[in-house]
Number of protein chains: 2
Amino acid sequence: MANCSVDYEGRLNAHLPPATRLIMVKADGCVAVHADGGAYKPLNWMNAPNYLEDHGDEWVVTNPKGERLTIRFEEILSDVSMEMGEDPGLQKDGVEAHLQVLLADQPGVLEDDLQLIRREYFTDIGPVDLLCSDAAGGTVAVEIKRRGEIDGVEQLARYLERLNLDARLAPVRGIFAAQSITPQAKVLADARGISCVEVDYDELRGAESNTLKLF
Amino acid sequence: MANCSVDYEGRLNAHLPPATRLIMVKADGCVAVHADGGAYKPLNWMNAPNYLEDHGDEWVVTNPKGERLTIRFEEILSDVSMEMGEDPGLQKDGVEAHLQVLLADQPGVLEDDLQLIRREYFTDIGPVDLLCSDAAGGTVAVEIKRRGEIDGVEQLARYLERLNLDARLAPVRGIFAAQSITPQAKVLADARGISCVEVDYDELRGAESNTLKLF
DNA sequence: GACTCTATCTCGGTA
DNA sequence: TACCGAGGTAGAGTC
């Protein structure tokens, strides 16, 4: 912790007047300058890889992209250093990727007799989460979100527009699947002829483990 | 700094096995758990406002949204506290707003004989960055981004749809300007009849200062 | 307070 | 490595 002023020149220019701040240097060399507030984001930082020149009362941190962070120290208030070792890392559960895996295994949850053709089916404007075929042999594009908002409907509409240009697939209809869908998104989906399905993550996971137990 | 394990339950679930980490509590009450690497983002955190229950070897931090962060301490390795006071704040220069100012002054960079009608032209779904008229007297809406991605194209398409409802302006076409534009965004822009222009910030700024020197 | 949009976004995945 | 999309996005500005 120190009284310091900071300048950053790189993707933009930024200046911090002198004040008391916490400066954190991690094992990978990244540097962060924190104020005593404003959530977890530092005021200024320089990610690894970088090179730190220590001129005593001034640090100059540069990186290969030509960005530069300059910290001028006026007074050091506290200086603590510690060896921490590798971190085993964060285990996440319940993000969009998870939902996609579960639905790819159980497309029938979205609609009776829906069959998976492909996960992450690529178009030239991005990947469709699930491409399926329905009971009548028609093609169905599924967009999966954790939270279903208007952007997601737009995204699916774009894919449908694109897929319907492909004579081998057309006509393709859409299903918008999410743990919750906003009323606005439902209205837009309806206007675009897209069906909405709200799925329960815990139920899906439960069904999944039952399947695993059964076979 | 402490050996600790952490659990977060909220928008998703996340678990951190026991390891040595730095825990930062700021004056506003926000809590961040940092590993010794991985840029500035903490492994886990809880923003203000929140409520911290200190049970000695366990902290439980909850917020009004019903999210919960639990830190179990196995061993405290270092404990430093300091009063830091208000921070005067960061001064920035060179973000999208800047690019908009530069292009408003030099719309000719985007297309020959393009003339500015208005910056931040308001529609009922949001402001169009630049509204211009072209050599033929037609109206052109310009959307400016630092990085041109598919969302920006959609944004411009929405504005165009809106502007074309106005008989005094229609027909209006679009130009999507950014320092770099992704291939997907280009494909979509093309499909929507929107032209793409990649602009160089430094060149613009250079041209600007030359103009200032000349006149 | 809700909505919109930017960001030195960060981070993970993949071609 | 570069590019692309998700995020517990966060944060700022506006209505």
Side-chain angles (χ1 to χ4, degrees), chain A residues 6-14 30-33 37-48 50 61 63-69 89-90 92-100 120 122-129 143-147 149-152 155 182 184, chain B residues 7-14 30 32 37-48 50 63 65-69 89-90 92-100 120 122-127 129 143-152 154-156 158-159 178-187 201:
Chain A
V6 184
D7 277 285
Y8 165 76
E9 294 155 67
R11 281 172 274 190
L12 54 65
N13 294 321
C30 73
V31 180
V33 181
Y40 66 66
K41 198 175 183 181
L43 295 163
N44 256 318
W45 69 90
M46 181 74 81
N47 285 352
N50 64 42
V61 191
N63 74 5
K65 288 179 230 164
E67 298 171 270
R68 171 195 299 261
L69 184 73
L90 187 65
K92 285 187 184 184
D93 177 28
V95 288
E96 181 188 320
H98 244 88
L99 207 52
Q100 195 190 105
E120 300 282 353
F122 272 84
T123 72
D124 52 4
I125 56 167
V128 179
D129 287 338
E143 177 63 33
I144 301 166
K145 290 279 178 241
R146 210 165 47 78
R147 298 179 321 181
E149 292 172 17
I150 229 162
D151 276 9
Q155 195 180 334
T182 64
Q184 292 91 332
Chain B
D7 276 287
Y8 164 76
E9 294 155 65
R11 280 172 274 191
L12 55 67
N13 294 322
C30 71
Y40 68 66
K41 200 175 183 183
L43 294 164
N44 256 319
W45 68 93
M46 182 73 82
N47 285 351
N50 64 43
N63 74 5
K65 287 178 232 163
E67 299 171 90
R68 169 196 300 260
L69 184 73
L90 188 66
K92 288 185 183 187
D93 173 30
V95 286
E96 181 189 321
H98 243 88
L99 202 55
Q100 195 190 105
E120 299 283 355
F122 271 85
T123 72
D124 52 4
I125 55 166
D129 286 339
E143 177 65 34
I144 301 165
K145 292 275 178 244
R146 213 164 52 78
R147 299 185 336 180
E149 294 174 17
I150 228 162
D151 279 6
E154 289 279 35
Q155 195 179 331
L156 179 51
R158 283 199 299 271
Y159 292 150
Q179 286 179 70
S180 65
I181 300 178
T182 64
Q184 286 87 340
K186 283 178 186 171
V187 169
Y201 181 73

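Computed from a predicted structure; not experimentally measured.
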Closest heavy-atom pair and its distance - [X], [Y]:
X: Ile144(B); Y: Asp129(B); answer: N-OD2, 2.7 Å
X: Asn47(A); Y: Ala39(B); answer: OD1-CB, 3.6 Å
X: Leu90(A); Y: Leu43(B); answer: CD2-O, 3.5 Å

To the nearest Å, give me how far apart [atom1] ([X]) and [atom2] ([N]) are.
X: Leu90(B); N: dG11(D); atom1: CG; atom2: P; answer: 13 Å
X: Glu143(B); N: dT4(C); atom1: CD; atom2: C1'; answer: 12 Å
X: Glu149(B); N: dG7(D); atom1: CD; atom2: P; answer: 15 Å
X: Asp93(B); N: dT6(C); atom1: CG; atom2: C1'; answer: 16 Å
X: Ile144(A); N: dA6(D); atom1: CD1; atom2: P; answer: 12 Å
X: Gln179(B); N: dA2(D); atom1: CD; atom2: P; answer: 17 Å
X: Leu43(A); N: dA10(D); atom1: CG; atom2: C1'; answer: 14 Å
X: Asp151(A); N: dA6(D); atom1: CG; atom2: P; answer: 10 Å

Scan [X] against the nucleic acid and name what it touches under 4.0 Å (heavy atoms): base, sugar-phosphate only, or nothing.
X: Tyr201(B); result: nothing
X: Glu9(A); result: nothing
X: Glu67(B); result: base
X: Lys145(A); result: sugar-phosphate

Under a 4.5 Å cut-off applied to non-hydrogen side-chain atoms, are [X] and [Y] in contact?
X: Thr123(A); Y: Val128(A); value: yes
X: Ile150(B); Y: Thr182(B); value: no
X: Gln179(B); Y: Arg147(B); value: no
X: Leu69(B); Y: Asn44(B); value: yes

OP1 or OP2 of [N] sitting under 4.0 Å from any side-chain N/O of [X]?
X: Arg158(B); N: dC5(C); result: yes
X: Tyr159(B); N: dC5(C); result: yes
X: Lys92(B); N: dT8(C); result: yes
X: Gln155(B); N: dT4(C); result: no

Q: Please tell me which of Ala14(A) and Gly126(B) maps to the more 5' nucleotide of DNA chain C, matching each residue to the nucleotide holding its nearest heavy atom.
A: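 This one resolves to Gly126(B).
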Q) Of Ile125(B) and Leu12(A), whose nearest nucleotide on DNA chain C comes first from the 5' end? A)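 Its nearest nucleotide lies further toward 5', so the answer is Ile125(B).
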Q: Using heavy atoms to find the nearest nucleotide of DNA chain D for Arg146(A) and Pro127(A) separately, return the residue whose nucleotide is more 5′.
A: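 It is Pro127(A), whose closest nucleotide lies nearer the 5' terminus.
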Q) For DNA chain D, whose closest nucleotide is more 5', that of Pro183(B) or that of Asn44(B)? A)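 It is Pro183(B) whose nearest nucleotide is closer to the 5' end.
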Q | Closest listed nucleotide, where the reference is the side chain of Glu96(B) and the choices are dG8(D), dA7(C), dA6(D) | A |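 It is dA7(C).
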Q: Choose from dA6(D), dC4(D), dG8(D) the nucleotide whose nearest atom is closest to any side-chain atom of Met46(B).
A: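 Of the options given, the side chain of Met46(B) lies nearest dG8(D).
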Q. Which dot-bracket string describes DNA chain D (Watson-Crick N1-N3 plus N6-O4 or O6-N4, or G-U N1-O2 and O6-N3, all under 3.5 Å; [ ] crossing; | other strand)?
A. |||||||.|||||||
**Q.** Pairwise P distance for dC11(C) and dG11(D), with rounding to whole Å
**A.**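 It works out to 15 Å between them.
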(Q) In whole Å, measure the gap between the P atoms of dC5(C) and dG8(D) for me. (A)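 Rounded to whole Å, the distance is 22 Å.
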Q. So, Glu154(B) and Gln155(A): side-chain donor and acceptor under 3.5 Å apart, yes or no?
A.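 Distance-only check fails for Glu154(B) and Gln155(A).
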Q: Measure the spacing between NZ of Lys186(B) and CD of Glu149(B) and express it to the nearest 0.5 Å.
A: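 So the gap between those two atoms works out to 13.0 Å.
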Q | Nucleic acid footprint by protein, nucleotides 10-15 of chain C - heavy-atom cut-off 4.0 Å, B for base, S for sugar-phosphate alone | A | SS----
Q: Look at the aromatic rings of His98(B) and Tyr201(B) and report parallel, tilted or perpendicular, splitting at 30° and 60°.
A: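 Plane angle over 60°, so perpendicular.
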**Q.** Exam field: side chain Tyr159(B) to backbone Pro127(B), donor-acceptor pair closer than 3.5 Å
**A.**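 Checking the backbone N and O of Pro127(B) against the side chain of Tyr159(B), a donor-acceptor pair under 3.5 Å is found.
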